[in-house]
Amino acid sequence: MNCLSPSILAADFKTLGEQIRQLDEAGAQYVHIDVMDGAYVPSISFGMPVIKSIRECTDRMFDVHLMIEEPIRYIDDFVEAGADIITVHAEACTHLDRTIDEIKAKGLLAGVSINPATPVSEIVPVLEKVDMVLIMTVNPGFGGQKLIPYTLDKVRELKRIVDQKGLKVDIEVDGGVTLENVEQILDAGANVIVAGSAVFNGEIEENVHRFLHVLNS
Ligand code: DX5
Ligand code: ZN
């Protein structure tokens with residue numbers, strides 16, 4: 001199934017709860033939550049208290065993207081805050097396998113992410129134990145960047161490997177997704193689509209409907 005995961009990094013935080021309700025009502029399946037620590041990525045976003053507070057606004061899946069060093073230190077906190085899926089960066093984990101085990105042991109879905117310049121081969125050893133792979137289509141750290149075209153070759157490569165192995169792993173794409181390029185991204189093999197500025201700039205519900213129309217056709 002194709003899912004839309006709007007990134008609240010692009011939201012207007014003074015009315016965050018209201019905007020999350022709008023996403024929910026418009027039918028977006030996930031809420032993409034970008035946590036940045038100012039070390040793994042240059043910027044700092046928000047953390048557990050914000051997630052806990054918006055947990056009351058929707059029952060939709062909380063797709064928590066941890067752009068933090070050694071995320072294993074905080075898995076318990078994000079579980080407690082209300083995460084449903086926790087995605088960690090392969091580049092940020094000294095012990096990736098152990099980090100994934102920690103997430104799975106809490107009964108959550110586990111995702112692993114790679115930056116544009118990290119090869120797909122890096123995460124092949126853990127493919128059998130993750131629920132989702134997030135292929136970054138921009139360098140993480142900021143919303144509103146342009147998709148780096150070669151990253152879609154990585155989506156194709158990953159899709160081929162997943163199918164060859166007969167696995168049921170979701171392929172998520174994050175960064176620079178627009179209504180203009182989303183079809184190409186789906187064709188490459190992605191099925192979980194993150195969109196920040198393309199959802200929050202303008203009419204949220206209308207943008208979600210437009211994306212879902214493409215995702216469902
Ligand atoms: C980038 C974040 C993305 C970002 C997407 O570091 O992981 O989720 O918010 O924003 P857009 O869709 O505006 O590129
Ligand atoms: Zn993200």
Side-chain angles (χ1 to χ4, degrees), residues 1-3 5 7 30 32-37 39-43 63-75 78 83-106 108-143 145-177 181-196:
M1 191 180 93
N2 293 334
C3 291
S5 192
S7 164
Y30 294 174
H32 187 80
I33 300 173
D34 286 309
V35 179
M36 302 178 178
D37 67 353
Y40 180 65
V41 288
S43 193
D63 170 27
V64 177
H65 177 194
L66 296 183
M67 286 163 275
I68 66 178
E69 294 283 2
E70 300 298 353
I72 196 163
R73 298 173 295 156
Y74 295 106
I75 301 302
F78 285 105
D84 295 296
I85 309 170
I86 294 182
T87 297
V88 297
H89 271 261
E91 306 91 347
C93 299
T94 305
H95 300 288
L96 178 59
D97 184 88
R98 182 181 289 154
T99 309
I100 293 164
D101 282 349
E102 283 271 322
I103 301 169
K104 299 295 295 180
K106 303 288 173 196
L108 269 68
L109 298 177
V112 63
S113 180
I114 47 173
N115 288 335
T118 304
V120 169
S121 57
E122 197 72 20
I123 49 95
V124 168
V126 295
L127 260 190
E128 256 136 85
K129 58 195 324 179
V130 295
D131 301 284
M132 185 166 83
V133 175
L134 166 52
I135 301 281
M136 287 306 300
T137 38
V138 298
N139 289 298
F142 306 98
Q145 304 180 75
K146 246 180 119 62
L147 181 140
I148 301 169
Y150 75 75
T151 57
L152 293 189
D153 293 335
K154 291 169 62 185
V155 174
R156 284 183 206 101
E157 183 188 349
L158 175 63
K159 174 72 176 152
R160 210 169 40 238
I161 297 169
V162 165
D163 287 350
Q164 257 167 18
K165 289 181 178 281
L167 299 171
K168 274 203 151 45
V169 176
D170 287 321
I171 302 179
E172 183 173 49
V173 156
D174 183 7
V177 177
N181 63 19
V182 66
E183 223 167 300
Q184 194 192 347
I185 293 165
L186 293 168
D187 286 348
N191 69 308
V192 180
I193 303 297
V194 177

Nearest atoms (heavy-atom pairs only) where [X] meets [Y]:
X: Lys159; Y: Gly189; answer: CD-O, 3.8 Å
X: Pro140; Y: Met67; answer: CB-SD, 3.6 Å
X: Met36; Y: Ser43; answer: CB-O, 3.2 Å
X: Val169; Y: Val130; answer: CG2-O, 3.8 Å

Inset, instruction - Under the side-chain contact (heavy atoms from CB on, under 4.5 Å) rule, what do Phe78 and Ile68 come out as? Steps first, then yes or no, please. - result: CA-CA 12 Å; Phe78 285 105; Ile68 66 178; 4.3 Å; yes
Inset, instruction - List the steps and the verdict of side-chain contact (heavy atoms from CB on, under 4.5 Å) for Val177 and Val194. - result: CA-CA 7 Å; Val177 177; Val194 177; 5.7 Å; no
Pairing residues for [X] by the salt bridge (Lys or Arg N to Asp or Glu O under 4.0 Å) criterion, not counting sequence neighbours:
X: Arg73; result: none
X: Asp170; result: none
X: Lys146; result: none

Inset, instruction - Would you confirm whether Glu172, through its side chain, and Met132, through its main-chain N or O, come within 3.5 Å as a donor-acceptor pair? - result: no
Legend entry - Check: His65 main-chain N/O paired with Asp34 side-chain donor or acceptor under 3.5 Å: no
Inset, instruction - Answer whether the closest heavy-atom distance between the side chains of Met136 and Val138 falls below 4.5 Å. - result: yes
Legend entry - Close side-chain approach of Lys129 and Asp101, heavy atoms under 4.5 Å: yes
Legend entry - Of Asp174, Asn2, Ile171, Val182, the residue whose pairing with Ile193 passes side chain to side chain contact (heavy atoms under 4.5 Å, CB included): Val182
Inset, instruction - Have a look at Ile185 and tell me which of Ile135, Leu147, Thr137 forms a side chain to side chain contact (heavy atoms under 4.5 Å, CB included) with it. - result: Leu147
Hey, could you give me the [atom1]/[atom2] distance between [X] and [Y], rounded to the nearest 0.5 Å?
X: Ile85; Y: Cys3; atom1: CD1; atom2: SG; answer: 8.0 Å
X: Ile86; Y: Ile33; atom1: CD1; atom2: CD1; answer: 10.5 Å
X: Asp63; Y: Leu109; atom1: CG; atom2: CG; answer: 9.5 Å
X: Leu66; Y: Ile75; atom1: CG; atom2: CD1; answer: 6.0 Å
X: Asp84; Y: Leu108; atom1: CG; atom2: CG; answer: 6.5 Å
X: Thr99; Y: Glu70; atom1: OG1; atom2: CD; answer: 7.0 Å

Legend entry - Qualifying salt bridge (Lys or Arg N to Asp or Glu O under 4.0 Å) pairs with a residue from residues 181-196, counting only residues at least two apart or across chains: none
Inset, instruction - Decide, yes or no, whether a salt bridge links Asp153 with Arg156 under the criterion of side-chain N to carboxylate O below 4.0 Å. - result: yes
Legend entry - side chain to side chain contact (heavy atoms under 4.5 Å, CB included) against Glu128, all qualifying residues, sequence neighbours excluded: Lys165, Leu167
Legend entry - Evaluation steps, side-chain contact (heavy atoms from CB on, under 4.5 Å), between Ile123 and Leu158: CA-CA 10 Å; Ile123 49 95; Leu158 175 63; 4.1 Å; yes
Acceptor/donor pairs from residues 110-118 side chains to any protein atom, 3.5 angstrom cut, sequence neighbours excluded:
from, atom 1, to, atom 2, distance (Å)
Ser113, OG, His89, NE2, 3.4
Ser113, OG, Leu134, O, 3.1
Asn115, OD1, His89, ND1, 3.4
Asn115, ND2, Tyr40, OH, 2.9
Thr118, OG1, Glu91, OE2, 2.6

